[in-house]
K.L.:
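Pasting a structure below so you can have a look.
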Amino acid sequence: MPHPLGTQPSKIIAVHLNYPCRAGERGRVPDQPSYFLKPPSSLSGSGDPLVRPRGCELMSFEGEIALVIGRRAQRVAPERGWDHVAWVTAANDAGAYDLRHADRGSNLRSKGADGFTPLGPRLLDAAGLDPAALRLRTWVNGELVQDADTSTLLFPFGDLIADLSRLVTLEPGDVILTGTPAGASVVSPGDTVEVEVSGQDGRTGGRLANTVTESAHTLAAWGAMPRADAALRADAWGPGRADEPGPALDARLADRLRALATATLSSQLRRRGLHHMTIDGVRPTDPGATLVGTAHTLRYLPLREDLFKRFGNGMNAQKRAVEELRPGQVLVMDARRDTTAGTIGDILALRAQVRGAAGIVTDGGLRDSAAVAALGLPTYHAAEHPAVLGRRHVPWDTGVPIACGGALVQPGDILVGDADGVVVVPPDLAEELAADCAEQESQERFIAEQVRAGEPIQGLYPLGPTWRAAYERWREARP
C-alpha cells in the first residue's frame with residue numbers, strides 16, 4: 001500500500017522528546033522542543049517492509065502521531081497552529097541505532113533510510129479532532145507496547161507549529177512527527193509493528209502495519225559501518241539494558257567442561273578459595289542433561305503495582321532478555337529465591353531455544369514445567385508454580401550482575417550444570433579448572449576401581465604417596 005499522502009512532502013520534521021513518560025525513560029525533560037529532519041524518500045506505507053541493513057542489530061520502532069500540514073504556515077501564533085493541520089495519521093519513526101555514531105546528531109543514516117518513515121494507512125480529517133485528546137497505541141507482534149494520549153504533552157501541537165514556523169515555512173503536505181511515548185524499543189526480522197491513532201470521537205486511521213525484514217544486500221564498506229556497544233544497546237532497548245556480549249565460549253573448552261561433574265568443579269573452586277560458586281536450591285527438569293554456556297542475566301524486583309505498569313507490560317525486561325539471547329548463552333534469572341510465581345513459561349523458553357540458548361537457570365518458579373521439560377532445553381528452577389510473574393515480580397533490567405540462588409553471577413560468567421546443580425565458573429579460570437578437574441576425576445576413577453576390588457580407603461582416598469606409582473602406571477595404560 002502506498003503512503004496515504006500520495007505525493008512527497010517537501011520535508012519531514014521529527015520531534016525528539018514530547019511525552020513526559022518518554023522523557024522519564026531518557027532521564028531528561030527539555031525546556032524547548034528540538035527537531036531533526038527525515039528525507040521524503042524515507043516515506044513508505046502500511047504493509048511495506050521495514051528493512052534492517054545488513055550488519056545492524058538495533059532496529060528500533062517509535063509509534064508516533066503524524067501531523068500533515070494543509071495550509072502554508074509562516075510565523076504562526078501558537079493558538080492558530082492547529083488551524084494549519086489538515087490531517088492526522090499514524091507513523092513509525094524507525095531507525096537503526098547501529099549507524100547513529102556516524103550521524104553526529106543529524107540522524108540521517110540512522111533514521112533516514114528508505115522506508116524508515118511508514119505512514120497510514122488512512123488520513124484522519126483534523127477538523128473536529130481535539131489535539132489534546134488523541135490516543136496513540138503501538139503493538140509488536142500483537143502485544144500492546146505503547147499506549148498514551150496527548151493530554152499531557154510537553155509541547156502541544158499548536159506550539160510545535162508556531163515554533164517551527166518562526167524560521168521554517170511549513171508547506172502543504174509537510175509532515176511533523178510529534179514524538180514517541182514510553183515503550184519504544186528494538187525489533188528483529190520477522191517482528192510486525194502496528195501503530196494506530198484515534199480521536200476522542202472514536203475515529204481511527206486504522207493500524208499502520210510493517211514487518212521487519214533483513215536486507216538482501218550487504219552494506220557497501222566505503223562509508224561508516226554499523227557499530228554497537230553496551231551503552232548503545234541500553235539506549236536502544238530502553239529501561240534495563242542489553243549486555244554487550246563477551247567472547248563466545250570456545251567449543252573445545254565447552255566440551256571439556258561438559259565432561260566434568262559439577263561436584264568436581266565445586267571442589268576445585270573451593271581449593272582456590274571460592275566457596276560461594278554454586279547456585280543453590282535449583283533442580284533440573286531433566287537430570288540426565290548437562291548445561292554449559294555463558295550467562296545472560298535478568299533481574300526481577302518485588303512487585304510494585306505502579307511500576308509493573310511501566311516495566312512489567314509490553315516488551316519488558318523479561319521479553320527483551322529472551323530476544324537478546326545469543327547462541328551458547330544461558331538465561332540466568334534473579335527472582336530473589338521467591339518461588340511463589342513463575343519467572344518463565346513454555347513460550348518464552350521455546351523462543352530462547354530457537355535463539356540458540358544453551359539453557360535457563362532461575363531461582364524462582366517455573367510455569368508450564370512439563371512443556372518446558374519436553375523442549376529438551378536444559379532448565380534449572382527452584383520450584384514449579386502456575387502463576388504469572390506479575391503476582392510477585394517486576395522484570396527490571398538485563399545484562400547486570402545478579403544474585404541467583406545465593407551466587408553472584410556476572411554477564412559472561414560460565415555456567416556448568418548437571419543432576420547435582422549449577423556451578424558458576426569465572427571465565428579467566430576455566431582452562432585451568434578444566435585441566436585440574438580432569439586430573440581429579442581421573443584419580444577418582446582409579447580410586448573407585450581399587451575400592452571396588454576391596455581396598456580400604458586409608459591412604460587411597462584422597463590419593464596418597466603409597467598409591468601414587470600405581471596410579472601413574474594405571475593412567476599411562478589408558479588413552
Side-chain angles (χ1 to χ4, degrees), residues 1-5 9 12-19 21-22 25 38 42-52 58-68 85 87-97 107 110-126 129 131 133-151 153 157 160 175-200 202-213 236-238 313-316 319:
M1 178 184 294
H3 67 80
L5 301 184
I12 302 169
I13 302 171
V15 179
H16 280 114
L17 283 175
N18 201 11
Y19 287 81
C21 54
R22 181 64 166 174
E25 284 185 339
K38 299 189 77 170
S42 69
L43 280 176
S44 62
S46 189
D48 290 334
L50 281 173
V51 182
R52 188 178 75 176
L58 301 175
M59 182 77 175
S60 65
F61 69 88
E62 294 182 6
E64 304 205 9
I65 296 172
L67 310 181
V68 183
V85 178
W87 300 285
V88 172
T89 192
N92 184 352
D93 181 15
Y97 274 72
N107 286 345
S110 58
K111 291 208 165 194
D114 292 353
F116 273 21
T117 313
L119 295 180
R122 298 187 300 276
L123 298 174
L124 277 174
D125 190 341
L129 288 178
L134 301 180
R135 186 182 185 187
L136 170 67
R137 288 180 290 175
T138 306
W139 296 261
V140 176
N141 299 328
E143 181 177 8
L144 185 66
V145 294
Q146 292 183 295
D147 189 353
D149 62 54
T150 56
S151 62
L153 291 179
F157 296 151
L160 293 176
V175 174
I176 302 173
L177 305 181
T178 57
T180 195
S185 192
V186 172
V187 282
S188 301
D191 291 336
T192 297
V193 181
E194 297 173 282
V195 187
E196 183 180 34
V197 175
S198 54
Q200 77 282 0
R203 284 189 292 158
T204 173
R207 288 197 188 186
L208 169 70
N210 303 91
T211 298
V212 182
T213 64
W237 282 101
N313 294 322
M315 194 64 178
N316 58 39
K319 295 182 177 68

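Start at 1 with the first residue, then count along the sequence.
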K.L.:
Tell me every residue that passes salt bridge (Lys or Arg N to Asp or Glu O under 4.0 Å) with K38, counting only those two or more places apart in sequence or in another chain.
P.N.:
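Salt bridge (Lys or Arg N to Asp or Glu O under 4.0 Å) check on K38 returns D93.
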
K.L.:
V88 and side chain to side chain contact (heavy atoms under 4.5 Å, CB included): which partner among T178, V68, L134?
P.N.:
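Option passing the side chain to side chain contact (heavy atoms under 4.5 Å, CB included) with V88: L134.
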
K.L.:
Identify, with sequence neighbours excluded, every residue that meets salt bridge (Lys or Arg N to Asp or Glu O under 4.0 Å) alongside R207.
P.N.:
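Only E194 meet the salt bridge (Lys or Arg N to Asp or Glu O under 4.0 Å) criterion with R207.
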
K.L.:
What residues, two or more places apart in sequence or in another chain, satisfy side-chain hydrogen bond (donor to acceptor under 3.5 Å, both in side chains) together with Q146?
P.N.:
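Partners of Q146 by the side-chain hydrogen bond (donor to acceptor under 3.5 Å, both in side chains) criterion, ordered by chain and then number, come out as T138, T180.
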
K.L.:
Of all heavy-atom pairs between N141 and G190, which one has the smallest distance, and what is that distance?
P.N.:
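Residues N141 and G190, closest heavy atoms: OD1-O, 4.1 Å.
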
K.L.:
Would you please name every residue forming a side-chain hydrogen bond (donor to acceptor under 3.5 Å, both in side chains) with N18, sequence neighbours left out?
P.N.:
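So N18 forms no side-chain hydrogen bond (donor to acceptor under 3.5 Å, both in side chains) with any residue.
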
K.L.:
Please report the closest heavy-atom contact between A94 and L50, naming both atoms and the distance.
P.N.:
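So the two residues come closest at CB-CD2, 3.8 Å.
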
K.L.:
Ignoring hydrogens and geometry, is there a side-chain-to-backbone donor-acceptor pair from T192 to T211 under 3.5 Å?
P.N.:
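The answer is no, because no donor-acceptor pair under 3.5 Å joins these two groups.
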
K.L.:
Among all residues two or more places apart in sequence or in another chain, which pass the side-chain contact (heavy atoms from CB on, under 4.5 Å) test with T89?
P.N.:
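For T89 the side-chain contact (heavy atoms from CB on, under 4.5 Å) partners, ignoring immediate neighbours, are A66, L119, L123.
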
K.L.:
Rounded to the nearest 0.5 Å, what's the gap from CH2 on W87 to CG on L124? Could you check?
P.N.:
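Nearest 0.5 Å value for the CH2-CG distance: 12.0 Å.
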
K.L.:
For the atom pair CG (N107) and OG (S42), what is the distance rounded to the nearest 0.5 Å?
P.N.:
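It is 11.5 Å, given to the nearest 0.5 Å.
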
K.L.:
Among V195, V145, V212, which residue satisfies the side chain to side chain contact (heavy atoms under 4.5 Å, CB included) criterion with F61?
P.N.:
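Going through the options one by one, the only one that passes is V145.
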
K.L.:
With rounding to the nearest 0.5 Å, note down the distance linking CG in D48 to CG in N92.
P.N.:
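One gets 12.0 Å once the value is rounded to the nearest 0.5 Å.
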
K.L.:
Taking side-chain hydrogen bond (donor to acceptor under 3.5 Å, both in side chains) as the definition, give me every residue that meets it alongside T150, ordered by chain and number, with sequence neighbours left out.
P.N.:
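side-chain hydrogen bond (donor to acceptor under 3.5 Å, both in side chains) list for T150, sorted by chain: empty.
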
K.L.:
Heavy atoms only: give me the nearest K111-G95 pair and the separation to one decimal.
P.N.:
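Nearest heavy atoms, K111 then G95: CG-CA, 4.1 Å.
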
K.L.:
Between atom CD of E62 and atom CZ of R22, what is the distance when rounded to the nearest 0.5 Å?
P.N.:
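That separation rounds to 5.0 Å.
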
K.L.:
Would you please name every residue forming a side-chain contact (heavy atoms from CB on, under 4.5 Å) with T213, sequence neighbours left out?
P.N.:
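Expected list: P49, V51.
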
K.L.:
Taking only residues two or more places apart in sequence or in another chain, which ones pass side-chain contact (heavy atoms from CB on, under 4.5 Å) with R137?
P.N.:
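Expected list: R135, W139, L144, D147, E196.
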
K.L.:
Quick one: closest heavy-atom pair of V175 and L177, and the distance?
P.N.:
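So the minimum-distance heavy-atom pair works out to CG1-CD2, 3.9 Å.
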
K.L.:
What are the two closest heavy atoms between G206 and T204, and how far apart are they?
P.N.:
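Closest heavy-atom pair between G206 and T204: N-OG1, 3.0 Å.
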
K.L.:
State whether the side chain of N210 and the backbone N or O of S46 hold a donor-acceptor pair below 3.5 Å, judged by distance alone.
P.N.:
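Here the side-chain-to-backbone pair does not exist.
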
K.L.:
How far apart are the closest heavy atoms of G115 and S44, and which atoms are they?
P.N.:
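In this case the closest contact between G115 and S44 is O-OG, 3.3 Å.
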
K.L.:
Compare all side-chain heavy atoms of R52 with those of V187 and state whether any distance is below 4.5 angstrom.
P.N.:
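Not touching, per the 4.5 Å side-chain cut-off.
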
K.L.:
Sequence neighbours excluded, which residues qualify as side-chain contact (heavy atoms from CB on, under 4.5 Å) partners of D149?
P.N.:
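Checked D149 against side-chain contact (heavy atoms from CB on, under 4.5 Å); matches are S151.
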
K.L.:
Examine distances only and state if a side-chain atom of E64 and a backbone atom of G179 form a donor-acceptor pair shorter than 3.5 Å.
P.N.:
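Yes.
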
K.L.:
For D114, check side-chain hydrogen bond (donor to acceptor under 3.5 Å, both in side chains) against everything at least two apart and list the hits.
P.N.:
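Expected list: none.
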
